[in-house]
2 protein chains.
Amino acid sequence: MQPGGKKAGPITMEMVARIAGVSQVSVSRALNHPEKVAPATLARINEAIRATGFVPNLVAGALASRRSGIIAALIPSITNITYSSFLRPFIEAMRQAGYQIILAETGFDEQEEAAMVQNLLSRQPEGILLTGVNHSPDCRRMLLGAGLPVVEVWDTSESPIDISVGFSHVETGRAMARFAWQRGYRQAGVLTAPDQRALRRKDAFCSEFIALGGAAPVEHVCEGSASIKNGREGLAGLMRNGFTSGVIQCSSDLFAHGVLIEAQARSLKVPGDVAVIGFGDMDFAAHTVPKLTTVRVDRDVLGHTAADALLKRIGGHRLTDSTIDVGFKVIGRQSA
Amino acid sequence: MQPGGKKAGPITMEMVARIAGVSQVSVSRALNHPEKVAPATLARINEAIRATGFVPNLVAGALASRRSGIIAALIPSITNITYSSFLRPFIEAMRQAGYQIILAETGFDEQEEAAMVQNLLSRQPEGILLTGVNHSPDCRRMLLGAGLPVVEVWDTSESPIDISVGFSHVETGRAMARFAWQRGYRQAGVLTAPDQRALRRKDAFCSEFIALGGAAPVEHVCEGSASIKNGREGLAGLMRNGFTSGVIQCSSDLFAHGVLIEAQARSLKVPGDVAVIGFGDMDFAAHTVPKLTTVRVDRDVLGHTAADALLKRIGGHRLTDSTIDVGFKVIGRQSA
DNA sequence: ATGAAAGCGCTAACAT
DNA sequence: ATGTTAGCGCTTTCAT
């Protein structure tokens, strides 16, 4: 330790203040409410900040102000574009509003999710983003008890914890069935991942297709997540299960793409022998051969809407509706 | 306010302590060092915690202990599987070590990155993950000044800020050129995204291919990011630039997949008319028709290695090497 | 416009 | 094994 030197450690507002010849509070003001500081003083303070390379300690700031500036986001899978694509605009919108995001991956596991929520709550987040509307009772209770803004994304709910932003998976299933029916398909198969939302779309597709007079669709539920590989295996699986021709409703464009490739490998014509409807309108959907018929959900809008709703709630506003439906659209291209 | 009631607000350790009939510190101990608390006391405290639903305030804890339990991670793009796929194991490893992640997306912009680093530093992270080794001078200076553990991922560097974990992009380029040469290709094209690492792979491929005696490759640099769409357009672009046949080195498997599709649309045989080498060995690479020849980098290993290295540095260890090369492997399949 | 005083809820010594 | 005393670095009154 140097003679006469203060003890080591980070640069604090106190040090900056001493250099600028003001009190510590003035430095705080200069940073948070510059309009309340005389221009000359402000200039001296800013110069001292620059000279020292001072970086404010937001941990201390958060404790004192009781505002963490943190939003917690939980998504099932980071690598799954379905979720990362609405997370991106969400994070960006939050960043612009001055918030930072703590991210956690649940792996589609409600117990993990509940444990993570508890962990995240200890960071005093000002809001929470959850994926889907199915959460463990513990999780719901904790969140309700914490009384902070929560937005559930990617689904609509009759009884959201706080607010939900998404669309009706049941309606997409019905819409796909009607679309297939109108295009003349009377036989169908369904190829789906085992997650709750995909299964709801599948069930809705099947009942609507049958209600319209179609044959009961052949089903194949893949283990694991949506991928081209599983899509290829899925077509094989469907054919083993008795699917011979008709339209296949896939729970993801990735599955649909896999079906396209497997059909090509088997010299099956698409949509002549096998027709395909995907889900998601992912970036490649308009660029396969043939182009994919699919369901579009605007994930940019989803992320932004979720962020806006959360920010309003954080700001103390009540929302007119606790559920926001961003809708969806069946995009008819060439594969069905 | 109720008569006799304390003022409202969050449940604190103080309240839990009162209920359990102990002092506030004992509650802190019960949570952080349970072995230092008598079993009977511990039981009473835990019961009080359960009864109140107490969630510790880590913001206060972080301030007092000067350990935030936070790691900051900056990646170029959240939706790009190249980056999310090493982020996932990284986050998981960090979670198991008790850390939470604050995530920010730089959009491949060094200025944005520097600004975000400054913002993130105010959260007092115990470590930082950066993507790549190209950072603005400001950014380097801040990080060096902060003196905290930094791991740069996805590249190796001769002069890392702290530690780097990745592989040599130049070597992958050379390896692809040698591979192509050995398979008998004497004409080549390159299709690349405009990011720094992809360009280095491209340059290395070209110079090695020429050094071996091959013709100077036809080049096409895509605007925007790697995608099937851009891959299709890329093949068209290469042919406009004079590419007629040979092998195409792509900076991503997504480009390579796009080339496959475009070749199919143009009735070109792969690898007969056009051969393709991708990059990344993404999950679909072994399931296209034909299967993709590509370069594999184990992103799971990358994420875990980065986490381990960072944890060691946080623990105060010096590492034997400041740069860890996780290597790569050319995977010869059918497309080249 | 500026400063002094009082905490935010917790952990880290140092007692006992 | 448990409690007491001091802060951590900042924001928020409340004075001046």
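First the proteins, then the strands, lettered A, B, ... as listed; each starts at 1.
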Exercise. Using atom CG of B:Asn57 as one end and atom P of C:dG9 as the other, report the distance to the nearest whole Å.
Key: 7 Å
Quiz prompt | Set of side-chain hydrogen bond (donor to acceptor under 3.5 Å, both in side chains) partners for A:Thr82, sequence neighbours left out | solution = A:Asn80
Practice problem: Grab the CD-C1' distance between B:Gln124 and D:dC8 for me, whole Å please. | Solution: 11 Å
Practice problem: Kindly write out the residues that satisfy side-chain contact (heavy atoms from CB on, under 4.5 Å) with B:Pro160, not counting sequence neighbours, or none if the list is empty. | Solution: B:Glu152, B:Ser157, B:Ser164, B:Ser322, B:Thr323
Quiz item: So what does A:Val59 touch, heavy atoms closer than 4.0 Å: a base, only the sugar-phosphate, or nothing?
Solution: nothing
Quiz item: Tell me, for nucleotides 11-16 of chain D in 5' to 3' order, what letter each nucleotide earns: B for a base near a protein heavy atom under 4.0 Å, S for only sugar-phosphate near one, - for neither?
Solution: BB----
Quiz item: To the nearest angstrom, how far is A:Leu121 atom CG from C:dG9 atom P?
Solution: 16 Å
Show me, pair by pair, the donor-acceptor contacts under 3.5 angstrom made by side chains of residues 45-54 of chain A, not counting sequence neighbours?
residue	atom	partner	partner atom	Å
A:Asn46	ND2	A:Leu42	O	3.4
A:Glu47	OE1	A:Arg50	NE	3.4
A:Glu47	OE2	A:Arg50	NH2	3.2
A:Thr52	OG1	A:Ala48	O	2.8
A:Thr52	OG1	A:Ile49	O	3.1
A:Thr52	OG1	A:Phe54	N	3.3

Contacts table for residues 32-41 of chain B: side-chain donor-acceptor under 3.5 angstrom, sequence neighbours left out:
residue	atom	partner	partner atom	Å
B:Asn32	ND2	B:Ser28	O	3.2
B:Asn32	ND2	B:Ser28	OG	3.4

Self-check item: Side-chain ion pair, B:Arg88 and B:Glu92, N-O less than 4.0 Å
Solution: no
Exercise. Using a cut-off of strictly less than 4.0 Å, decide whether B:Ser26 has a side-chain nitrogen or oxygen near OP1 or OP2 of D:dA1.
Key: no
Quiz item: What residues form a salt bridge (charged side-chain N to carboxylate O under 4.0 Å, His left out) with B:Asp298, not counting sequence neighbours?
Solution: none
Practice problem: Please state how far atom CG in B:Leu31 lies from atom P in C:dG9, giving the value in whole angstrom units. | Solution: 16 Å
Quiz item: Has B:Arg66 got a side-chain N or O lying under 4.0 Å from the OP1 or OP2 atom of D:dG9?
Solution: yes
Under 3.5 Å, which donor-acceptor pairs link side chains of residues 98-119 of chain A to any protein atom two or more places apart or in another chain?
residue	atom	partner	partner atom	Å
A:Tyr99	OH	A:Glu126	OE1	3.1
A:Gln100	OE1	B:Arg123	NE	2.7
A:Gln100	NE2	B:Asn119	O	3.3
A:Glu105	OE2	A:Ile78	N	2.9
A:Thr106	OG1	A:Phe108	N	3.3
A:Asp109	OD1	A:Gln111	N	2.7
A:Asp109	OD1	A:Glu112	N	3.1
A:Glu113	OE1	A:His135	ND1	2.8
A:Glu113	OE2	A:His135	ND1	3.3
A:Asn119	ND2	A:Ala115	O	3.4

Quiz item: Who passes salt bridge (charged side-chain N to carboxylate O under 4.0 Å, His left out) against A:Arg29, sequence neighbours left out?
Solution: none
Quiz item: Among D:dG9, C:dG3, D:dT4, which nucleotide sits nearest the side chain of A:Ser23?
Solution: C:dG3
Quiz item: Residues from residues 34-55 of chain B sitting under 4.0 Å of DNA chain D, heavy atoms only?
Solution: B:Lys36, B:Val37, B:Ala38, B:Thr41
Quiz item: A:Glu158: what forms a side-chain hydrogen bond (donor to acceptor under 3.5 Å, both in side chains) with it, not counting sequence neighbours?
Solution: none
Quiz item: Among all residues two or more places apart in sequence or in another chain, which pass the salt bridge (charged side-chain N to carboxylate O under 4.0 Å, His left out) test with B:Arg141?
Solution: B:Asp138
Quiz item: So does B:Arg197 pair up with B:Asp155, basic N to acidic O under 4.0 Å?
Solution: no
Quiz item: In degrees rounded to 10°, what angle is found between the helical axes fit to the five outermost pairs at each end of the helix from C:dA1-D:dT16 to C:dT16-D:dA1?
Solution: 30°
